[in-house]
Amino acid sequence: MRHLLFLAAITLGTLAQPVRAQQVAYAANVPEELDSATAVAVSREIARARDRGIPVEPLIAKVREGRLKRARGPLIRLAVARLAERMDSARVALGITATSEELVAGAEALGAGAGSPSLKSVRAATTRSIAAPLGTLAQLVLSGVAPPRAVEMIVSLLKRNAAPGMVLALGNMVEADVATGLGADQSAIIRLRGIEASLGTGDALTASSPGMTPPAISKPTPKPVRRP
């Protein structure tokens, strides 16, 4: 527990010691949970992220996640390093004015398989926060929707001033549909239509955008009526 308090102190920027001193102090406070090499490496990653202006709370959370899952030290160190790299890439794609929430969501989208161009497209679609849209992007891609199609759907909603909750609902509903066996693309288009209808746009997007034609839905064959 003490090493987590130390990490929290790093997050708040209250430690004035050099990075090497921070690494030593961190390692000294991790007697059993993490081996000393992992403790030093994780401390170094967190210190570097803080110095670059990257939010370190998600990195601390990743350490906690690894400990809860009883992951080995090297795996925890690798997970923290990769998350820091994705947040770096997200900041490059989103710009230096991106909020912590946007960077975290952008890192999640990159981790799901979306590319930097996808993040840039979402950023260019609105001046409002895109933390929720980027979270939906990650959710859609993980559910099986191709990144270009997922971006197109999200951008269409943003341009129609859909509320963050509506954008999030798209990802949640598609994920739930896929869990029941419905195809990701089919679910995404159907759910998008419903949200568009609530915005008063009807089928404008799905009817006009290339590659967005809804897939045919097979209907059950009616049973013949038996006559006496």
Side-chain angles (χ1 to χ4, degrees), residues 11-13 49-62 82-176 184-185 187-212:
T11 303
L12 297 174
R50 182 203 59 202
D51 293 341
R52 297 195 306 272
I54 298 297
V56 298
E57 291 87 349
L59 303 180
I60 297 172
K62 184 62 68 175
R82 286 181 173 174
L83 177 56
E85 290 175 1
R86 290 196 300 272
M87 286 195 289
D88 259 332
S89 297
R91 185 170 62 174
V92 172
L94 300 177
I96 59 174
T97 60
T99 65
S100 296
E101 292 77 12
E102 290 172 333
L103 291 181
V104 172
E108 291 178 355
L110 292 173
S116 294
S118 295
L119 272 60
K120 292 179 181 179
S121 295
V122 175
R123 173 70 285 170
T126 180
T127 58
R128 295 179 296 172
S129 170
I130 56 172
L134 290 176
T136 296
L137 174 60
Q139 202 169 14
L140 290 175
V141 174
L142 286 174
S143 294
V145 180
R149 174 166 291 191
V151 170
E152 187 174 2
M153 291 179 169
I154 292 169
V155 168
S156 74
L157 292 178
L158 293 177
K159 289 183 176 179
R160 289 165 172 78
N161 294 317
M166 301 180 77
V167 180
L168 287 172
L170 175 62
N172 291 334
M173 290 187 293
V174 171
E175 182 179 3
D185 287 340
S187 168
I189 293 173
I190 293 172
R191 295 304 186 178
L192 177 64
R193 280 181 154 184
I195 297 175
E196 286 178 331
S198 68
L199 291 171
T201 58
D203 296 334
L205 173 69
T206 54
S208 61
S209 299
M212 297 290 288

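Since we're looking at a predicted model, the values are computed, not measured. When reading the values below, keep in mind they use all heavy atoms of this one structure, side chains included, and skip hydrogens, waters and symmetry mates.
For the pair Leu158/Pro133, a side-chain contact is recorded, criterion being any heavy-atom separation below 4.5 Å from C-beta on. In this structure, Met166 and Leu199 have side chains that are in contact, with non-hydrogen atoms separated by less than 4.5 Å. Side chains of Ile189 and Arg149 form a contact here, defined as non-hydrogen atoms less than 4.5 Å apart.
Looking at Ser118, its side chain never comes within 3.5 Å of a backbone N or O of Pro147 through a donor-acceptor pair.
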Verdict with supporting geometry, Asn161 and Thr126, side chain to side chain contact (heavy atoms under 4.5 Å, CB included): CA-CA 9 Å; Asn161 294 317; Thr126 180; over 6 Å; no
Side chain to side chain contact (heavy atoms under 4.5 Å, CB included) assessment of Glu108 paired with Gln139: CA-CA 9 Å; Glu108 291 178 355; Gln139 202 169 14; over 6 Å; no
Audit row: Ile54, Ser100, side chain to side chain contact (heavy atoms under 4.5 Å, CB included) steps and yes/no: CA-CA 8 Å; Ile54 298 297; Ser100 296; over 6 Å; no
Worked verdict on Met173 versus Ile195 for side chain to side chain contact (heavy atoms under 4.5 Å, CB included): CA-CA 11 Å; Met173 290 187 293; Ile195 297 175; 4.1 Å; yes
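Going from atom CG of Leu192 over to atom CD of Glu152 covers 9.5 Å, rounded to the nearest 0.5 Å. Put simply, CD1 on Ile154 and OG1 on Thr136 are 5.5 Å apart, with the number rounded to the nearest 0.5 Å. Distance check, rounded to the nearest 0.5 Å: CZ of Arg193 to CE of Met153 gives 10.5 Å. The NZ atom of Lys62 lies 11.0 Å from the CZ atom of Arg82; values are rounded to the nearest 0.5 Å.
Smallest separation of non-hydrogen atoms from Leu140 and Gly171: CD2-CA, 4.0 Å. Taking each heavy atom of Asp185 and Gly144 in turn, the nearest pair found is OD1-O, 4.4 Å. The minimum heavy-atom distance between Ala112 and Val141, with the atom names listed, is O-CG1, 3.4 Å. For the pair Ala188 and Val174, the tightest heavy-atom approach, listed with the atom from each and the gap, is CA-CG2, 3.6 Å. Contact detail for Ala162 and Arg128: the closest heavy-atom pair is O-NH2, 3.3 Å. The two residues Ala125 and Lys159 have their closest heavy-atom pair at O-CG, 4.3 Å.
Ionic pairing of Glu102 and Arg123 is present here: one or more N-O contacts between side-chain nitrogen and carboxylate oxygen are shorter than 4.0 angstrom.
Of the residues Glu85, Arg86, Met87, the one that meets the side-chain contact (heavy atoms from CB on, under 4.5 Å) test with Leu110 is Arg86. Of the candidates Val155, Leu142, Val151, Leu137 forms a side-chain contact (heavy atoms from CB on, under 4.5 Å) with just one, namely Val151.
The side-chain hydrogen bond (donor to acceptor under 3.5 Å, both in side chains) test applied to Ser187 returns Asp177, not counting sequence neighbours. With sequence neighbours excluded, the residues forming a side chain to side chain contact (heavy atoms under 4.5 Å, CB included) with Ala105 are Leu134, listed by chain and number.
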